[in-house]
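Below, each value reflects all heavy atoms present in this structure, side chains not excepted, and no hydrogens, waters or symmetry copies. Protein chains get the first letters and strands the later ones, always in sequence-line order, with residue 1 at the start of each.
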2 protein chains.
Amino acid sequence: MDAYKYIKGAIIDGRFEPGMRLGEESLAKELNLSRTPVREAIKQLEADGLVVPLKRGVSVRNFTTEDIRQIYDLRTLLEGYAASQAAIYRTEEDLERMEIANLHYEKAIHKCKASDLASIKEIVDVNQQFHEVIVGAAKNAHIHFHLSKVVVVPIVYRSFYWYNQFQLQQSLEFHKIILQAIRHQEPERARIAMHEHIYQGRDHVLRHLENIKHNHPQEEEE
Amino acid sequence: MDAYKYIKGAIIDGRFEPGMRLGEESLAKELNLSRTPVREAIKQLEADGLVVPLKRGVSVRNFTTEDIRQIYDLRTLLEGYAASQAAIYRTEEDLERMEIANLHYEKAIHKCKASDLASIKEIVDVNQQFHEVIVGAAKNAHIHFHLSKVVVVPIVYRSFYWYNQFQLQQSLEFHKIILQAIRHQEPERARIAMHEHIYQGRDHVLRHLENIKHNHPQEEEE
DNA sequence: TACATATTTTTTGTATACAATAATCATGAG
DNA sequence: CTCATGATTATTGTATACAAAAAATATGTA
């Protein structure tokens with residue numbers, strides 16, 4: 001599914017702005033495809049909640065701060081639970097994978113002196129990998145499945161640009177706490193640490209959003 | 001989306017058995033449609049997790065008891081949280097709706113002397129309505145969205161046929177406890193009651209499955 | 001007979017065509 | 001000038017056609 005990845009990517013990195021209408025024909029032309037595969041991609045994106053159905057066609061979804069708060073609550077609940085379950089069911093292999101992911105994370109953070117696009121993207125990926133391993137270690141395929149579908153809010157993706165070195169280090173420390181709790185089979189501690197970790201991410205995003213709102217009172221686009 | 005509802009219905013009530021391959025062309029002929037809308041329906045069902053992709057085409061998913069256990073764990077987590085949030089954020093209108101849904105549930109249970117298809121279907125619907133209202137009262141649209149997508153396992157749907165009058169009454173009692181906890185704004189109590197309620201449902205399904213396994217050692221179909 | 005390769009058949013993925021419906025624009029009446 | 005109604009245009013939903021890939025079958029050889 002190529003059209004899907006293209007459109008999703010364009011939404012996430014902001015080329016398709018919230019509220020923008022997505023016509024099948026124009027997208028098809030842009031992608032040198034026929035409408036058929038574009039249609040399928042759009043249907044998928046609709047199921048993902050990234051686009052919103054209109055009476056005719058769809059438009060890029062606009063996420064409110066309330067949406068972001070709710071999505072983070074959901075993630076906290078699911079990933080917190082996953083962390084606690086991982087503390088119970090993790091294998092030695094799981095622990096090894098977490099260790100590796102965390103080492104990669106550490107390396108990516110320290111490499112990232114300049115806030116260039118590539119190294120930020122790497123941090124996002126490696127961070128995601130760590131969370132992924134934990135969810136995998138929880139041994140609940142259905143929670144894994146749903147977590148993979150928790151809406152990827154574009155603004156959240158881009159929020160990594162706004163971390164400073166201290167915040168990245170803080171984030172790494174929490175990864176270590178979570179990993180230790182899982183290693184020592186302390187489910188409640190793992191859950192709580194994951195909670196706090198994700199809530200810090202949430203607050204970071206919300207603060208960032210507040211700043212934007214204050215500096216650019218309103219720049220809408222239809 | 002008519003093809004979607006048709007196929008989903010056929011899977012849920014067992015006309016399309018687990019493992020059965022679903023060809024686009026044959027379904028299109030069965031529905032007097034072209035392949036295009038059938039294709040879209042199948043894509044949807046794939047996103048729902050009701051069919052499983054093969055190298056070519058899809059087949060009806062076969063749920064293991066482990067799947068069912070995991071799905072119920074997920075539901076417990078999400079609906080338990082929803083109940084606790086509902087206890088905080090419920091309006092008077094929410095309470096009224098819960099009351100009404102519960103009254104309907106009570107009526108449906110008592111009407112259901114004979115275990116005929118129609119009255120069972122009504123119980124399923126009204127029960128779902130009660131749960132729906134609670135999730136709505138939690139005021140988190142994203143949790144609502146995900147809960148609506150938690151896999152509808154066919155066997156679970158059909159498990160209502162196997163409730164006896166006592167179990168239905170028990171179920172109603174838990175509805176009442178949950179409702180009271182939400183009314184009195186006791187989040188933790190609401191969460192725990194919802195937990196127990198759903199786990200009882202899970203155990204009912206799993207017991208039912210054990211019986212089937214013992215009585216019909218194995219009747220497979222490809 | 002058993003296995004490997006070639007050929008046929010089936011089935012999916014994509015493109016295009018057409019019909020139906022919603023949105024837009026234009027025209028005319030009040 | 002404004003609103004309503006009708007004509008025009010744009011856009012989606014469905015059907016069909018064709019190409020590409022996979023599965024099934026057949027054929028030949030050891």
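- Using modelled atom types, one finds no donor on one side chain facing an acceptor on the other under 3.5 Å when comparing B:Tyr72 with B:Asp67.
- Distance, B:Arg39 CZ to D:dG13 P: 16 Å, rounded to whole Å.
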Ignoring hydrogens and angles, write down the donor-acceptor pairs under 3.5 Å from the side chains of residues 49-58 of chain B, residues two or more places apart or on other chains.
none

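- When DNA chain C is scanned 5' to 3' for any atom under 4.0 Å from a heavy atom of chain A, the first and last hits are C:dT14 to C:dA23.
- Partners of B:Gln85 under the side-chain contact (heavy atoms from CB on, under 4.5 Å) rule, at least two apart in sequence or in another chain, are B:Tyr81, B:Ile88, B:Tyr89, B:Ala138.
- Taking the ring pair (Phe, Tyr, Trp, His ring centres under 6.0 Å) definition, one finds that B:Tyr105 meets it with B:His175, sequence neighbours left out.
- For the side-chain contact (heavy atoms from CB on, under 4.5 Å) test, residues two or more places apart in sequence or in another chain that qualify with A:Arg35 are A:Glu24, A:Glu25, A:Ala28, A:Arg39.
- Not counting sequence neighbours, the partners of B:Glu93 by the salt bridge (Lys or Arg N to Asp or Glu O under 4.0 Å) test are B:Arg97.
- Fit an axis to the five pairs at each end of the helix from C:dT1-D:dA30 to C:dG30-D:dC1 and the two axes sit 10° apart, to the nearest 10 degrees.
- Among the heavy atoms of the strands lying under 4.0 Å from A:Glu25 is at least one base atom, whether or not backbone atoms are also near.
- By the side chain to side chain donor-acceptor pair (under 3.5 Å) test, B:Arg191 is found to be paired with B:Glu188, residues two or more places apart in sequence or in another chain being considered.
- Interface residues of residues 48-56 of chain A facing DNA chain C, ordered by number: A:Lys55, A:Arg56; criterion, heavy-atom separation under 4.0 Å.
- The ring pair (Phe, Tyr, Trp, His ring centres under 6.0 Å) search around A:His204 returns A:Tyr163, not counting sequence neighbours.
- Applying the salt bridge (charged side-chain N to carboxylate O under 4.0 Å, His left out) test to pairs two or more places apart or on separate chains, those with a residue in residues 139-150 of chain A are A:Asp94-A:Lys139.
- The 5' end of DNA chain C is approached more closely, in terms of each residue's nearest nucleotide, by B:Gly23 than by the other of A:Ser34 and B:Gly23.
- Listed by chain and number, the residues in a side chain to side chain donor-acceptor pair (under 3.5 Å) with B:Arg15 are B:Tyr6, B:Glu30 (sequence neighbours excluded).
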